[in-house]
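A quick write-up on the structure given underneath.
Letters A, B, ... mirror the listed sequences (proteins, then strands); counts begin at 1. Note that the coordinates shown come from a computational prediction; the quantities given were computed from them, not determined experimentally.
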Amino acid sequence: MTIAGKACIAGIFEHPTRKAPDKTTAQLHAECASGALADAGLSLSDVDGYFCAEDAPGQGPISMIEYMGLNVRHFDSTETGGSSYALQVAHAAAAIADGRCNVALITLAGKPRTQKQTIARGAMPELPWETPFRSITAANYALCARRHMAEYGTTSEQLAWIKVAASHHAQHNPQAMLRDLVTVEDVVSSPMIADPLHRMDCCVVSDGGGALIVVRPEIARALKRPVVHVRGGGEAVKGTNGGKIDLTRTAVESAGRDAFAMAGITPADIKYASLYDSFTITVLLQLEDLGFCERGQGGRFVEDGGLISGVGKLPFNTDGGGLCNNHPNNRGGMTKVIEAVRQLRGEAHPAVQVPDCDLALASTIGGQLANRHGGAVLILERG
Amino acid sequence: MLPAPPLDAESTPFYEAAKEGRFLIRRCTRCNEPHWYPRSLCPFCFSPTEWEEASGRGTLMSYSSVRNGDDPYVLAFVQLEEGPAMLSNMVDCPADQMTVGMAVAVRWVDAGSEKAPCFAPAGG
């Protein structure tokens, strides 16, 4: 079943907090849900579908459905880390197309900055083979960066340009955690975290959240907000493939192929791209996997401002992204979709708004890039 | 001392052999492909697999030195001579002397009461 043209994103909300010691995680979910409904011009009683991931406290969606007073007839709690939310937009669109719901709510929230949480994931089969080696997240992504450098000659300075572009956008976002413009020199001289990734190659850690409202097109057209259609979606999981590993490719390669095929467009048609930016290398690999540049040419694509709105070939993460603005609950997938919708509505900050933005893409990744992760890609179109 | 691997029924034979300095991998009895990490069913064709002793030699596919306070370490992917690549740590080698593609060999390192397969430059 195609979801192209079957659903619209009618409501978005990015929680303004970046540090929330006095709020509960459930409360943040509810505040995001309320904000997205208000943005759409809908109310709690209109919601008949709910989507969440592992960050929602409780067993799947059960606790949050009760807490928020939802009365839903369809729900889904597929968990693929930071890629869960773009994937859930596509799942919500499919549910709407299938007549299972009309108004779907998707929420994300968490507070890793102020409350350390441990999630039990059971007896993951890889643990006996990986626990001794301490594969912390930054080092895991660094393995992909090192390999890309070795295969293609990519440099730390080229990776730094991705952070520089994000900072150019974040300077216009009053809610961004890091609003200072930075230079390539600033990035490569920041402390090394996991060689070759520096501190400024890493995203922020923030409390917060976000929410989306996905609705049937007839409902979107009756609301007072600009209409944003779901045009295509794709999802994938990439693992170590029995040891046949390619460290320079991500799950977004096949997820993107599916999304573009469903939308019937090519990368050249995309005016704005939200690209998951847990680390600078994450962005570079997605540019190649999605076909925005030739394989191995990501470094050349991003240098000299290639991703800066109004300057480069492909404006990305115009809110400042996870690198500068917000990465709520260590999951940037929700904010990626939100900024893509802002661009299509013409509601991005005027300094970074892409002129005549009719087609946008949101690409997201969750998990460990070198070992195993999920990828989800959405293509959205202005109505 | 590395963190101990949480052993289960599929990994215990590997770590028992490790205590004798033998490095085991699993190979499919039908399609003959070796794989990593070891599983009872082949991840390429779902047929039964069996243990075999591997050379313990390989090449460094990628690495990252982690500034971990007073206990820095090097996370790595090593491609085994038999084919599969595996997550590991590089040991006994300064990070500035490592290169992608260099020859490496297994070096058993204490991980709790087990021995974990780390790697060091071959012939070192």
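Around atom CZ of A:Arg300, no more than 12 heavy atoms belonging to other residues, nucleotides or ligands sit under 6.0 Å away. Within a 6.0 Å sphere centred on NZ of B:Lys19, heavy atoms belonging to other residues, nucleotides or ligands number more than 12. Within 6.0 Å of CD on B:Glu53 lie more than 12 heavy atoms contributed by other residues, nucleotides or ligands. At most 12 non-hydrogen atoms from other residues, nucleotides or ligands lie less than 6.0 angstrom from CD of A:Glu294.
Between chain B and the options A:Ala139, A:Ala142, A:Ala145, the largest number of non-hydrogen pairs under 4.5 Å is found for A:Ala139. In terms of heavy-atom pairs under 4.5 Å with chain A, the best-connected choice from B:Leu75, B:Thr99, B:Val100, B:Leu2 is B:Leu75. Contact count against chain A (heavy-atom pairs under 4.5 Å) is highest for B:Ser88 among B:Cys118, B:Ala116, B:Ser88, B:Ala76. Between chain A and the options B:Glu33, B:His35, B:Arg67, the largest number of non-hydrogen pairs under 4.5 Å is found for B:Arg67. Contact count versus chain A (heavy atoms, under 4.5 Å) is highest, among B:Ser62, B:Ala4, B:Pro5, for B:Ser62. Heavy-atom pairs under 4.5 Å with chain A were tallied for B:Ser11, B:Pro6, B:Pro34; the largest tally goes to B:Pro6. Per-residue heavy-atom pair counts under 4.5 Å with chain B were compared for A:Ile193, A:Thr240, A:Leu197, A:Asn140, and the maximum is reached by A:Ile193.
For a residue to count as touching a neighbouring chain, one of its non-hydrogen atoms must lie under 4.5 Å from one of that chain's; by this rule A:Ala150 touches chain B with the side chain only. Using a 4.5 Å cut-off between heavy atoms, B:Tyr63 touches chain A through backbone and side chain atoms alike. Only the side chain of A:Leu247 comes within less than 4.5 Å of a heavy atom in chain B; its backbone stays farther off. Residue B:Ala95 does not touch chain A at all, counting heavy-atom pairs closer than 4.5 Å. For chain A, no part of B:Pro72 is nearby; none of its heavy atoms comes within less than 4.5 Å. Proximity to chain B (any heavy atom under 4.5 Å) is shown, for A:Ala370, by both the backbone and the side chain.
Summarising the geometry, atom CG belonging to A:Asp195 is positioned 10.0 Å from atom CE belonging to B:Met98; distances are rounded to the nearest 0.5 Å. We find the CG-CZ distance between B:Leu87 and A:Arg134 to be 11.0 Å, quoted to the nearest 0.5 Å. Rounding to the nearest 0.5 Å gives a distance of 9.5 Å between CD of A:Glu130 and CE of B:Met86. Atom OH of residue B:Tyr73 and atom CD1 of residue A:Ile136 lie 4.5 Å apart, to the nearest 0.5 angstrom.
When side chains are defined from C-beta on, A:Pro125 counts as touching B:Tyr37, because their heavy atoms get closer than 4.5 Å. At least one side-chain heavy atom of B:Pro117 sits under 4.5 Å from a side-chain heavy atom of A:Phe133.
Here the closest non-hydrogen pair linking B:Pro43 and A:Gly242 is CG-CA, 4.1 Å.
Judged by the 6.0 Å and 45° rule, A:Arg147 forms no cation-pi pair with B:Phe77.
Using the six-membered ring where Trp is involved, A:Trp129 and B:Phe14 have ring planes that are perpendicular, over 60° apart on the 30 and 60° scheme.
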